[in-house]
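What follows is one structure encoded as structure tokens, with my remarks underneath.
All values derive from a computational prediction rather than experimental measurement. Atoms within a ligand are numbered from 1 in the order they appear, just like the ligands themselves. Note that the numbering runs from 1 along the sequence shown for the chain. Because only heavy atoms are used, hydrogens play no part in the values below, and waters and symmetry mates are left out as well, while side chains stay in.
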Amino acid sequence: MTPLARKQRPLSEDFPRLIDGGNALDVRELERLRARARRFAEEHVSPRAMEIDRRTDEDPSWFDWDLVRAGAEHGMLSFLIPKPAGGGGGLSTEAAVVMEELCAACPGIALIFGAHALGISPLLLGGPSQWDGVLSELVCSERTTRPLLMACAITEPEAGTDVEDPDLLARARITSHARRVPGGFRLSGAKRFISNGSVARWITLLMPTDPRDPAHTWTCFLVDASSEGFSVNRVEHKMGQRAAHAAELALDEVFVPDERVVSREGDGAAATMIVLACSRPPVGAIATGIARGAYERLLVWLEEDRAAKGLLERQHVQLVLASMEEEIHLARQAYMDAATELDYRALGGAMRHPAVRALGHVPAGIRKRRSVRGLLASDRMRDTTISILHRTTSESAVTRSVALSSMAKARGGDVAMRVTGAALEIVGLRGVRIRAELEKLWRDAKLCQIYEGTNQLNRLEVYRGLCRRETIACLPPLLAHRSAVPPPDAGVGGSREKILAGENGGPR
Ligand SMILES: Cc1cc2nc3c(=O)[nH]c(=O)nc-3n(C[C@H](O)[C@H](O)[C@H](O)COP(=O)(O)OP(=O)(O)OC[C@H]3O[C@@H](n4cnc5c(N)ncnc54)[C@H](O)[C@@H]3O)c2cc1C
């Protein structure tokens with residue numbers, strides 16, 4: 001694809017709220033991350049985009065590990081991993097900024113890194129107990145010639161939309177089942193359309209421990225793809241974003257030990273909501289990047305290609321370009337608004353909690369000692385992590401954040417379709433090469449309206465969270481009687497209701 005032509009404005013210019021809002025976001029660090037993503041996009045992604053799209057059309061199972069290695073060299077696999085585990089410590093804002101850059105070059109290649117980030121996100125809910133296991137393994141692998149990828153598997157053959165909403169989950173046609181056995185669980189069933197599913201080493205996977213009551217027993221497991229009983233049924237032949245595989249996975253009595261249950265048994269519905277709230281702003285950014293990629297390619301073509309001579313003088317074309325600029329700007333504001341809301345008002349507070357930060361200062365060598373590891377992986381520690389989550393946010397704050405994330409995702413997907421379609425209409429039959437590039441971006445854009453919940457489901461979340469101001473149960477329940485972190489009024493006994501009502505340290 002043609003190189004990205006236009007110079008980007010500083011982030012602080014596009015998002016004055018980042019510097020004026022008095023929040024702790026380090027804009028310079030974000031700017032450096034974006035520059036790194038852009039360098040990777042220009043040097044490795046853009047030049048390969050069209051060729052990989054063609055190759056994966058011929059053979060959907062073809063996969064470019066060289067690109068993964070190049071991405072790893074630019075830190076694209078670890079920026080979301082907490083700093084104590086050796087990563088960049090980013091959250092939704094960082095993921096979104098990276099995704100826009102990569103997607104302006106090639107959304108399919110970007111999805112490899114986006115699906116990896118999606119796979120990591122449930123582990124963030126596991127708190128410090130996850131730092132010294134798979135997360136630090138992922139960071140170490142980034143410095144080798146065999147970087148490890150992750151995936152997140154929620155969708156089943158008979159349940160897509162239904163497993164992405166806690167209310168629908170109760171009625172979903174789920175066929176998978178995690179059966180309790182001594183020392184862990186045995187997982188059986190199938191997962192469908194899993195991005196990176198065929199190439200990931202580790203998969204965060206959601207299943208009920210009682211299929212008759214999925215809503216209350218939906219649980220997140222960390223599955224090793226090299227386990228006995230794990231297999232890849234097929235890799236889909238995709239219409240767009242082809243560079244990233246979408247795979248159907250089969251699990252036949254795959255053993256997962258207790259310590260690889262992420263958070264706690266039964267916390268999966270909340271984990272799903274939190275994961276989707278984290279990943280929908282980046283999907284809005286994916287869509288914004290696609291729209292930007294189409295717009296920038298169109299501008300270069302209009303300004304430089306002889307076949308486009310005279311088009312820029314037409315008022316109709318000027319109006320279309322102005323409306324593209326407008327749509328892209330608003331889509332970017334929407335995803336950034338949703339991401340910063342999530343990172344600074346809804347969920348990020350738990351990562352910045354003094355107890356979590358203090359643990360982060362404990363050298364990894366000490367944290368990895370058997371006794372300390374046992375403590376970190378204990379039920380008590382898992383309860384404590386959830387307790388911290390409740391103390392740093394509230395269900396109403398997370399519900400609002402989910403709604404804003406859904407808005408950014410749905411709006412972004414529609415903008416990407418409109419902008420790529422309008423760009424194709426302006427080019428018409430005039431330029432063969434740019435037409436092929438825009439046609440690819442149009443196919444790539446369609447997926448943004450489908451994954452991370454279809455736009456219809458996302459708009460229903462907007463209705464519930466913003467129009468009706470409902471509060472959705474999207475935090476794992478607080479087990480106050482087992483919690484090690486005393487609520488602020490521990491002396492008189494802080495209640496779950498009070499905490500949920502925001503009285504005991506609501507959003508900060
Ligand atoms: C290429 C690709 C990659 C993907 N990657 C992943 C991944 O990495 N991990 C993962 O877990 N999943 C992944 N998915 C799955 C994706 O999230 C689902 O496809 C999506 O949630 C929709 O589910 P479905 O396909 O079963 O459609 P369905 O749920 O069958 O929906 C079909 C239609 O009905 C509408 N609909 C359904 N229920 C309702 C309702 N209650 N109210 C209103 N409208 C409704 C939907 O909006 C849609 O238009 C991927 C999908 C694709 C295509």
Checklist entry - Going by distance alone, is a donor N or O of one side chain under 3.5 Å from an acceptor N or O of the other, for Ser198 and His245? => result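 Yes, because at least one side-chain N or O of Ser198 sits under 3.5 Å from a partner of the opposite role on His245.
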Checklist entry - Are Phe40 and Phe113 close enough that their ring centers fall under 6.0 Å? => result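 That pair passes the under 6.0 Å test.
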Item to check | Between Phe255 and Phe185, ring centroids under 6.0 Å | outcome: no
Among protein heavy atoms, which lies nearest [atom], and at what distance?
atom                    : value
atom 41 (N) of ligand 1 : Leu168 CD1, 3.8 Å
atom 16 (C) of ligand 1 : Thr155 OG1, 3.9 Å
atom 26 (O) of ligand 1 : Gly160 CA, 3.2 Å
atom 5 (N) of ligand 1  : Phe193 O, 2.7 Å
atom 45 (C) of ligand 1 : Thr161 CG2, 4.5 Å
atom 44 (N) of ligand 1 : Gln456 CB, 4.1 Å
atom 3 (C) of ligand 1  : Ser195 OG, 3.4 Å

Part of [X] within contact of ligand 1 (heavy atoms, under 4.0 Å):
X      : value
Asn455 : neither
Lys238 : side chain
Asp165 : neither
Gln241 : neither

Test: [X] and [Y] ion pair at under 4.0 Å:
X      : Y      : result
Glu439 : Arg443 : yes
Glu73  : Arg69  : no
Arg171 : Asp162 : no
Glu470 : Arg468 : yes
Glu156 : Lys191 : yes
Asp64  : Arg48  : yes
Arg435 : Glu437 : no
Glu100 : Arg34  : no
Lys440 : Asp444 : yes
Glu29  : Lys83  : yes
Arg180 : Asp258 : yes

Enumerated ligand 1 atoms positioned under 4.0 Å from heavy atoms of [X]:
X      : value
Cys152 : 7 (C), 8 (O), 9 (N), 10 (C), 11 (O)
Ile450 : 19 (O), 20 (C)
Ile154 : 10 (C), 11 (O)
Glu452 : 17 (O)
Leu460 : 42 (N), 43 (C)
Ile194 : 7 (C), 8 (O), 9 (N), 10 (C), 11 (O)
Glu164 : 17 (O), 21 (O)

Any protein heavy atom at under 4.0 Å, with [atom] as the reference point?
atom                    : answer
atom 33 (C) of ligand 1 : no
atom 11 (O) of ligand 1 : yes
atom 1 (C) of ligand 1  : yes
atom 47 (O) of ligand 1 : yes

Checklist outcome for this item: Tightest non-hydrogen contact, residues Arg36 and Gly75, listed as NH1-CA, 3.6 Å
Can an N or O of [X] be found at a distance shorter than 3.5 Å from an N or O of ligand 1?
X      : answer
Ala153 : no
Tyr451 : no
Asp162 : no
Arg192 : no

Next on the checklist: I'd like to know if Ala151 contacts ligand 1, where contact means a heavy-atom distance under 4.0 Å to any ligand atom.
Outcome noted: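 Contact check Ala151 vs ligand 1: negative.
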Checklist entry - Of all residues at least two apart in sequence or in a different chain, which pass the side-chain contact (heavy atoms from CB on, under 4.5 Å) check with Ile120? => result Ile81, His116, Leu124, Leu135, Leu138, Met150
